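These notes concern the structure reproduced below.
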Amino acid sequence: MATKTIEIKEGCLVDIRTDAGSLLVDHFCEVGRDAGVRNLDPDWATLERLEDAERLYVLIAYQESECVGYCVSMLMQHTNNRTQVQLVNDAMFIHPSVRKNGVGLEMIRCMEGIASELAADCVWYAPTHSRLDRILACRDDYQGTHTVYSRKAQ
């Protein structure tokens, strides 16, 4: 039996807006509401400025010609230490039909490779008890550094 190959490519905002457009909605429906996000309303202008400044990194996963996942990270300088550069993950979503076959792990590895090329720390915000949280918690090269609590505006 032949299996469909998944290819991960570096992309850009245009790819997110076009190829991954429906996945943004799926991602929001799966986790956005739980995080207190009221509406799906990406700040495209800010993302475009980051891309123009070469501080936005996008990976897109394709199965044949269909987009099945994306990962977006931003290159940041730590505000308390100008010499500490971080590649901070903003969002990663893998379509449920292709999860558990290594796509997410490969995206993590690709972002780690980009971070290495940039001499940047690789930072992931993983929802508590999520698959990403469990993956990173088991790795010796990562350490938990923060616990984040959020409260909705009242």
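Everything numeric here is computed off the predicted structure, so don't read it as measured data.
At a threshold of 4.5 Å between side-chain heavy atoms, the hydrophobic network of Ile, Leu, Val, Met, Phe, Trp and Tyr places Leu23 and Met107 in two separate groups. Hydrophobic clustering keeps Leu56 apart from Met111 (ILVMFWY residues linked when any side-chain heavy atoms are closer than 4.5 Å, directly or through intermediates).
Looking at residues two or more places apart in sequence or on another chain, you find a side-chain hydrogen bond (donor to acceptor under 3.5 Å, both in side chains) between Asp121 and Gln84. Judged as a salt bridge (Lys or Arg N to Asp or Glu O under 4.0 Å), and not counting sequence neighbours, the contacts of Arg17 are Glu48. Checked against salt bridge (Lys or Arg N to Asp or Glu O under 4.0 Å), Glu106 has the following partners two or more places apart in sequence or in another chain: Arg109. By the salt bridge (Lys or Arg N to Asp or Glu O under 4.0 Å) test, Arg134 is found to be paired with no residue, residues two or more places apart in sequence or in another chain being considered. Here Arg55 pairs with nothing under the salt bridge (Lys or Arg N to Asp or Glu O under 4.0 Å) rule; sequence neighbours left out. Looking at residues two or more places apart in sequence or on another chain, you find a side-chain hydrogen bond (donor to acceptor under 3.5 Å, both in side chains) between Arg99 and Glu30. Shown here are the side chain to side chain contact (heavy atoms under 4.5 Å, CB included) partners of Val88, two or more places apart in sequence or in another chain: Met76, Gln86, Val123, Tyr125. Checked against side chain to side chain contact (heavy atoms under 4.5 Å, CB included), Asp43 has the following partners two or more places apart in sequence or in another chain: Ala45, Thr46. In terms of the side chain to side chain contact (heavy atoms under 4.5 Å, CB included) criterion, residue partners of Leu132 (sequence neighbours excluded) are, by chain and number, Met92, Ile108, Trp124, Ala126, Ser130, Leu136. Remark: Ser97 pairs with His95 by the side-chain hydrogen bond (donor to acceptor under 3.5 Å, both in side chains) rule, at least two apart or across chains.
Taking CG of Asn81 as the start and NE2 of His78 as the end, the distance is 7.0 Å to the nearest 0.5 Å. Here Thr18 contributes atom OG1 and Ile60 contributes atom CD1; the two are 8.0 Å apart, rounded to the nearest 0.5 Å. One distance of note links CG of Asp90 with CG of Leu47; it measures 7.0 Å at 0.5 Å rounding.
Put simply, the side chain of Leu105 reaches to within 4.5 Å of the side chain of Ile135, judged on heavy atoms. You'll find the side chain of Leu24 stays beyond 4.5 Å of the side chain of Asp26, heavy atoms only. Between Val98 and Gln63 the shortest side-chain heavy-atom distance falls below 4.5 Å.
Closest approach of Ile6 to Ala61, counting heavy atoms only: CG2-CB, 4.1 Å.
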Just distance, no hydrogens or angles: give the donor-acceptor pairs under 3.5 Å from side chains in residues 7-14, sequence neighbours left out.
none

Side chains of residues 64-74: which donor-acceptor partners sit under 3.5 Å, not counting sequence neighbours?
from	atom 1	to	atom 2	distance (Å)
Tyr70	OH	His27	ND1	2.7
Ser73	OG	Asn89	ND2	3.3

Exercise for review: Could you give me the CA-CA distance, side-chain angles and deciding distance for Leu59 and Ile114, then say whether side chain to side chain contact (heavy atoms under 4.5 Å, CB included) is met?
Suggested key: CA-CA 10 Å; Leu59 297 173; Ile114 292 168; 4.2 Å; yes
Practice item. Just do the side chain to side chain contact (heavy atoms under 4.5 Å, CB included) check on Val85 and Leu118 with the steps written out, would you? Key: CA-CA 8 Å; Val85 180; Leu118 298 167; 5.7 Å; no
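Glu51 and Tyr57 share no donor-acceptor pair across their side chains, judged by distance under 3.5 Å alone.
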